Amino acid sequence: MDNDTEDARRWLHLELAGVDEVEYDPTMLHPDNDPDGARRSANERAALDGDIAAMYRLALAADERLELIAAEEWWSRAARQHDAGALFNLGVYAFNVQDFEAAGRWWGEAAMRGDSRAAHNLTVLDRATGVRGLELQIKKYPRGEGLD
């Protein structure tokens, strides 16, 4: 893979996660860079204790290895803690498998929690498919109740 392609992939991972470049190296949990698995184990322990940053690192590392089920599980754990970035990423996963209603729901919830990327994607999704994810969330939380 050439440097431009690798740089683009790195930027995309960082952008999707909303993670500062200093905090995440997409290869840090790669087996070649973590031969004894200590980094991965430490991140798994932290993630299981509720550390959203560790969940991001594990999700991005799994995505990098094309272990999409594992990546989705780590995003789901972060989403259960109402993390807008994780909700956004689950919307991306749903969109990529053409489950537009699920994408609308995930992006709707992320937008309600302040994710501007999700709000943008909802507009595009609505125009392209008629799915109105934000309306689903407004009906679910009419006065913001339940959003913490």
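It should be emphasised that the depicted structure is a prediction, and the values quoted were computed from it without experimental measurement.
- Between the OG1 atom of T129 and the CZ atom of R127 there is a distance of 12.0 Å, given to the nearest 0.5 Å.
- Nearest heavy atoms, A62 versus A71: CB-N, 3.6 Å.
- D99 is listed as a side-chain neighbour of E101, based on a closest heavy-atom distance under 4.5 Å.
- Within the model, atoms CG of D126 and CG of L122 stand 8.5 Å from one another, a figure rounded to the nearest 0.5 Å.
- The distance from the NE2 atom of H120 to the OG1 atom of T123 is 7.5 Å, given to the nearest 0.5 Å.
- The two atoms that bring A79 and L90 nearest to each other are CB-CD1, 3.6 Å, heavy atoms only.
- Here the shortest heavy-atom pairing between W75 and N89 reads CH2-ND2, 3.1 Å.
- Residues R117 and D115 approach most closely at NH2-OD2, 2.7 Å, considering heavy atoms.
- Using a 4.5 Å heavy-atom cutoff, the side chains of R39 and R57 are not in contact.
- The shortest non-hydrogen separation linking A78 to A86 is CB-CB, 3.5 Å.
- In this structure, D51 CG and R77 CZ are separated by 13.0 Å, a value rounded to the nearest 0.5 Å.
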side-chain contact (heavy atoms from CB on, under 4.5 Å) between F88 and W106, intermediate numbers included:
CA-CA 6 Å; F88 172 82; W106 289 120; over 6 Å; no

Test salt bridge (charged side-chain N to carboxylate O under 4.0 Å, His left out) on R80 and E73; report intermediate values, then the result. CA-CA 11 Å; R80 285 192 291 273; E73 175 58 31; 3.5 Å; yes

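- Of the inter-residue distances, the one linking W74 atom CH2 with E44 atom CD reads 5.5 Å to the nearest 0.5 angstrom.
- Salt-bridge formation is detected for the pair R113/E109: a Lys NZ or Arg NE/NH1/NH2 atom is positioned less than 4.0 Å from an Asp or Glu carboxylate oxygen.
- Side-chain atoms of F95 and L125, non-hydrogen and from C-beta on, do get closer than 4.5 Å to each other.
- Using modelled atom types and a 3.5 Å distance limit, the side chains of Y56 and N43 yield no donor-acceptor pair.
- Residues L68 and Y93 come closest through the heavy atom pair O-CE2, 3.7 Å.
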